[in-house]
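Bear in mind the structure is a predicted one, so any value in this text is a computation, not a measurement.
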Amino acid sequence: MQLRTMTTSLNGKDFTAEVEPRTLLSDFIRHEAGLTGTHVGCEHGVCGACTVEVDGSPVRSCLMFAVQAEGCHVRTVEAVAGADDDWTVLQQAFHENHALQCGFCTPGFLMALQPLLLENKEFTEQEIREALSGNLCRCTGYESIVKAVTQALDTLRAARKSTGSTDGLPSEQVSEESTS
C-alpha cells in the first residue's frame, strides 16, 4: 500500500509522518508519535478510551483515519496538564474523589469532559451523567466520577466569579487565584 506524508498539529507542535491511508488516528498517535496516553479499548468507538480533541471537539480516534487529521489541531491527554505538569482542576478532582481505579478509561474521560468544563453554566447531575455516557468504566461505578466532575465545575465556577476566567488553569493556580 502506498504511504502518504501528512502533517498535523499534535499538542501544539507540527508532526509529520508517512502513514498508510488506512491508519487510524489512534494508531498514528500511539505508534507514530509515541504518545501512549490515548488508549485503545474497543476499536469500535463505543468505550471512549481513545477520545482526543480534533480542532477543539472530542473525537473517537479509533473511528478516524490519521489522514483525516491532515492540517488539524489534535490534542491528546498528554497536553492536558499545565506547563510544569501541574494537574488541572479536573485531574485534581479525579484524584481527590477516587474517580479512577485501573486508570485505563481516565484519559478518555478527561478528554471528553474538556468542553463541559469550558462552558460557564450550571450542570445538573443528569447533565453530567449524559456528558459521561459516551465513556465506559468497568471499575468505578461512575459515582466517584460524577462527584469529581461536580467538584471541578464548582471549583471553576468559584474561580470564575473571583477572577473572571480560569479555563484550563492547573488546580494550584485556580486555588491561589480564588483565595486572593
Side-chain angles (χ1 to χ4, degrees), residues 1 4 6 8-12 15 17 19-81 87-119 121 123-153 156 168:
M1 185 168 283
R4 178 171 167 194
M6 62 161 289
T8 189
S9 173
L10 188 56
N11 295 335
F15 186 81
V19 297
E20 292 184 5
R22 66 183 180 175
T23 301
L24 296 174
L25 182 57
S26 56
D27 293 331
F28 172 80
I29 291 167
R30 292 181 60 81
H31 303 295
E32 299 299 324
L35 300 174
T36 57
T38 301
H39 294 164
V40 179
C42 67
E43 295 188 88
H44 294 1
V46 176
C47 73
C50 68
T51 303
V52 299
E53 286 181 10
V54 176
D55 291 337
S57 296
V59 171
R60 303 284 202 253
S61 63
C62 74
L63 295 180
M64 183 174 180
F65 292 116
V67 295
Q68 291 175 290
E70 171 81 34
C72 295
H73 297 281
V74 178
R75 185 169 175 248
T76 68
V77 72
E78 284 89 352
V80 170
W87 285 354
T88 63
V89 173
L90 184 59
Q91 289 171 312
Q92 184 66 38
F94 262 61
H95 172 72
E96 290 174 7
N97 289 280
H98 309 286
L100 62 132
Q101 287 182 22
C102 80
F104 188 83
C105 65
T106 304
F109 274 106
L110 294 174
M111 296 309 296
L113 292 167
Q114 293 303 309
L116 184 80
L117 298 177
L118 296 176
E119 291 186 40
K121 71 171 243 177
F123 290 92
T124 65
E125 181 179 327
Q126 183 60 34
E127 289 172 320
I128 292 170
R129 288 183 180 279
E130 285 176 23
L132 298 172
S133 67
N135 292 69
L136 299 178
C137 175
R138 294 181 177 196
C139 302
T140 65
Y142 299 96
E143 290 301 319
S144 54
I145 297 173
V146 172
K147 287 179 187 174
V149 174
T150 301
Q151 177 182 318
L153 289 168
L156 286 171

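The salt bridge (Lys or Arg N to Asp or Glu O under 4.0 Å) contacts involving residues 45-74 comprise Glu53-Arg75, where partners must be two or more places apart or lie in separate chains. Among residues at least two apart or in separate chains, there is no side chain to side chain donor-acceptor pair (under 3.5 Å) pair with a member in residues 32-47.
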Would you give me the side-chain donor-acceptor pairs under 3.5 Å for residues 146-153, sequence neighbours excluded?
from, atom 1, to, atom 2, distance (Å)
Thr150, OG1, Val146, O, 2.9
Gln151, OE1, Asn97, ND2, 2.7
Gln151, NE2, Glu96, OE1, 2.6

Show the atom names and distances, to 0.1 Å, of all donor-acceptor pairs under 3.5 Å that link a side chain in residues 19-26 to residues at least two apart or in another chain.
from, atom 1, to, atom 2, distance (Å)
Glu20, OE1, Arg22, NE, 2.6
Glu20, OE1, Arg22, NH2, 3.1
Thr23, OG1, Glu20, N, 3.4
Thr23, OG1, Glu20, O, 3.0

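In terms of heavy-atom proximity, Ala17 sits nearest to Phe28 at CB-CE1, 3.8 Å. In terms of heavy-atom proximity, Asn135 sits nearest to Ala112 at OD1-CB, 3.6 Å. Here the shortest heavy-atom pairing between Met64 and Val59 reads SD-CG1, 3.7 Å. Shown here for Val67 and Arg4, the closest heavy-atom pair between the two residues is CB-NH1, 3.6 Å. Phe104 approaches Gly41 most closely through the heavy-atom pair CE2-CA, 4.0 Å. For the residue pair Cys105 and Leu136, the shortest heavy atom distance occurs at CB-O, 3.3 Å.
The line from CG of Leu116 to CZ of Phe123 is 4.0 Å long, rounded to the nearest 0.5 Å. For the atom pair Gln114 CD and Ser57 OG, the distance stands at 12.5 Å (nearest 0.5 Å).
Residues passing the ring pair (Phe, Tyr, Trp, His ring centres under 6.0 Å) test with Phe65, sequence neighbours excluded: none. Legend: residues meeting side chain to side chain donor-acceptor pair (under 3.5 Å) with His73, ordered by chain and number and at least two apart, are Ser9. When the side chain to side chain donor-acceptor pair (under 3.5 Å) test is applied to Arg129, the partners found at least two apart in sequence or on another chain are Glu125, Glu143. Not a single ring pair (Phe, Tyr, Trp, His ring centres under 6.0 Å) links Phe94 to another residue, sequence neighbours left out. Under the side-chain contact (heavy atoms from CB on, under 4.5 Å) criterion, Glu130 pairs with Gln126, sequence neighbours left out. With sequence neighbours excluded, no residue satisfies ring pair (Phe, Tyr, Trp, His ring centres under 6.0 Å) with His31. Every residue meeting the side chain to side chain donor-acceptor pair (under 3.5 Å) condition with Thr76, not counting sequence neighbours, appears here in chain and number order: Asn11, Glu78. In terms of the side-chain contact (heavy atoms from CB on, under 4.5 Å) criterion, residue partners of Thr140 (sequence neighbours excluded) are, by chain and number, Gln101, Cys137, Ser144, Ile145.
Within the 4.5 Å cutoff, the side chain of Leu117 has no heavy atoms near those of the Val89 side chain. The side-chain heavy atoms of Leu113 and Leu132, taken from C-beta on, include a pair separated by under 4.5 Å.
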Run Ile29 and Val74 through side-chain contact (heavy atoms from CB on, under 4.5 Å) and show every step you take. CA-CA 9 Å; Ile29 291 167; Val74 178; 4.2 Å; yes
